[in-house]
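Below is one structure, written out as structure tokens, with a few remarks after it.
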Amino acid sequence: MKIAIIYNKFEREYASVTYLAQQIKKAVPEAEIFTAIFHDENLLEKIIEFQPEVLFTFPLTAKSLAWYPYLAKVLFKCKILSYRVEGIIGETAADIYFHAGQENYGPHLIDCEIFWGTKQYAVISEELCRQKKLSSKKRTAVTGSLSYDLLINSHSILPEKIKKRIDSYKKENIFIFITGFHFSDYTDEDIFKAGDLINLSDPHIDEAYETLKKCRDRSIIYRQRWIDGIIDVASSNPDCLIIVKPHPVEIEQHKDGIPDKYLDSFKQYTNILYIKESCSTEELIARSALIVHYGSTCLAAAYIYGTYSILSTADDLFETIKNIPYAVIYCNIGWPSHATTPITNISNFISINKHKFSSPSRLANIDKILLDNFNFMQNELYRPSKAIIEIITDKNKMQTQDIMDSPLDMYWAYHRLHYHRYEIIINLFKNFLWAAAKIDIKGVKKIFSGLFRLKNVLWKGNMLPPTTQ
């Protein structure tokens, strides 16, 4: 069996998909596995060369993502599995629409939508069916989070240098701050280019654009308050290690040349450990006595490992706009923390309450939150990878749908593949020559079948009217 795993954000997903690939090889030693990042400029060529039978992908939420699953399905009748990575789902119409995604594709492209928990399933699957992006709610599965599977069932995956630094402090003196202010560095153009913030066909697009610019400007102020608060805590607690873990998207922005506001601000403080390396945020939380957050999915790790949690707020920035459609804000997500305080008061709050961090009380309702959002139950075996592998490898589970049976899929397949048609044909021809040279009759037949199916899509899909939508 040939399995392709495509991921989107290296910092956030690479460890999890690598772990999944390792677990697949243990379960099915004969499986051939190919992993690639979506931004690989040779992705099209590599997919055609590999000829996958199963494609496991991140969710197709942003514009212009559906071309490569359509490529695999048109050419190789590939089973397509979408692994949803949403942790916190709001219940407003705007939130639901946002998480269902802006990309257009038909109901026979995705053969199974895989969710972390039942809450994500309940909210998103209904919307995907309504938008005709999923043929049936039966084509879904709830498995849990690969990140927590990796953390719970593996040894430490922290880089040795970071592990040694952390181990030199007592746990009661380790505080972690989780940042996530990548929106602060969005330009006006980025707001449009993101592909998942603005619906370009929305009649209120100007209103959405102005609202998002306002949110971006307030996010810049909020980030600076966090930087100032972290410095105050580090200065007031010289015996403590202050870990700062930026969001994976922030790390990628810095790699792309956007100035790193954190690095410039923290470099003179010897007890601030600013971690830009790829490592498990969840393990860092497990090793800390305190987590300070803005309303993050990472709070689940604090629940699992009994870490004291503080929600730091800025109501003066976000409270007045939290109910405005399109707003991107930082606020209470409804998950309990041990305490809440403005970020401007964080140093004073820690000084007064530091004695509580070593033995925090167990918060109410966290078992339900972990079950609803991560399919996690305390003291029970947690193996989301096992359930995912069953979906991948069992041909009787979530059988492949043929897009040729769906006019809507034919329409969108044409519009997603037409731009790449010459590159596809050239690479198919190269692989045909390679198969012919090896006298690989099966490979030659597979390429001819793919060409025939591609011809049908490019011919029939173009003939379908936009009302197919």
request  = Report yes if the side chains of Ile230 and Phe175 come closer than 4.5 Å at any heavy-atom pair, otherwise no.
outcome  = no

ask   = Do Lys386 and Asp149 pass the salt bridge (Lys or Arg N to Asp or Glu O under 4.0 Å) test, and can you show the C-alpha distance, the side-chain angles, and the key distance before you say yes or no?
value = CA-CA 10 Å; Lys386 183 179 179 181; Asp149 186 335; over 6 Å; no

key: For Glu277 against Ile162, the heavy-atom pair lying closest together   = OE1-CD1, 3.8 Å

ask   = Under 3.5 Å, is there a donor-acceptor pair linking the side chains of Ser82 and Glu113?
value = yes

Between Ser236 and Ser347, a side-chain donor and acceptor under 3.5 Å = yes

task = Scan Lys79, Lys73, Lys397, Lys138 and name whichever one has a salt bridge (Lys or Arg N to Asp or Glu O under 4.0 Å) with Asp111.
result = Lys73

Modelled atom types, side-chain donor and acceptor of Ser147 and Glu282, under 3.5 Å = no

remark   = Shortest non-hydrogen pair, Ala234 vs Ile272, comes out as CB-CG1, 3.6 Å

query = Does NZ in Lys170 sit with more than 12 non-hydrogen atoms of other residues, nucleotides or ligands closer than 6.0 Å?
reply = no

query = Is Lys276 salt-bridged to Asp260, cutoff N-O under 4.0 Å?
reply = yes

ask   = How about Tyr222 and Tyr294: are their ring centroids closer than 6.0 Å?
value = no

ask   = Asn271 side chain to Asn237 main-chain N or O, any donor-acceptor pair under 3.5 Å?
value = yes

task = Look at Lys213 together with Glu210 and state whether they make a salt bridge at an N to O cut-off of under 4.0 Å.
result = yes

query = Could Lys356 and Tyr308 be counted as a cation-pi pair, given that NZ or CZ must be under 6.0 Å from the ring centre and within 45° of the axis?
reply = no

request  = Decide ring-ring contact (aromatic ring centres under 6.0 Å, His included) for Tyr70 and Tyr105; before the verdict, give the C-alpha distance in whole Å, the side-chain angles of both, and the deciding distance to 0.1 Å.
outcome  = CA-CA 9 Å; Tyr70 268 127; Tyr105 53 91; 7.3 Å; no

request  = Give a yes or no on whether the backbone of Glu103 and the side-chain of Lys133 come within a donor-acceptor separation of less than 3.5 Å.
outcome  = yes

task = Take Lys163 and Glu160 through the salt bridge (Lys or Arg N to Asp or Glu O under 4.0 Å) test and state the conclusion after the steps.
result = CA-CA 5 Å; Lys163 186 173 180 296; Glu160 192 59 30; 5.1 Å; no

Minimum side-chain heavy-atom gap Asp409-Gln401 below 4.5 Å = no

message = Quick one: does any side-chain atom of Tyr382 pair with a main-chain N or O of Ser145 as donor and acceptor, under 3.5 Å?
response = yes

request  = Determine whether the side chains of Tyr68 and Thr57 contain a donor N or O and an acceptor N or O closer than 3.5 Å.
outcome  = yes

request  = Could you point out which residue of Tyr303, Trp116, Phe374 forms a ring-ring contact (aromatic ring centres under 6.0 Å, His included) with Tyr148?
outcome  = Phe374

request  = Might you confirm whether atom OH of Tyr14 has over 12 heavy atoms from other residues, nucleotides or ligands at distances under 6.0 Å?
outcome  = no

note = All heavy atoms of Ile275 vs all of Lys245, minimum pair found to be O-CD, 3.7 Å

ask   = Any donor-acceptor pair under 3.5 Å linking the side chain of Thr61 with the backbone of His99?
value = no

message = Side chains of Ser351 and Asn348 only: does a donor on one sit below 3.5 Å from an acceptor on the other?
response = no

task = Could you tell me whether the side chain of His338 and the main chain of Ser309 form a donor-acceptor pair under 3.5 Å?
result = yes

inquiry  = Between Glu250 and Arg223, does any NZ, NE, NH1 or NH2 come within less than 4.0 Å of an OD or OE carboxylate oxygen?
reply    = no

key: Under 3.5 Å: donor-acceptor pair, side chain of Gln23, backbone of Ile389   = no

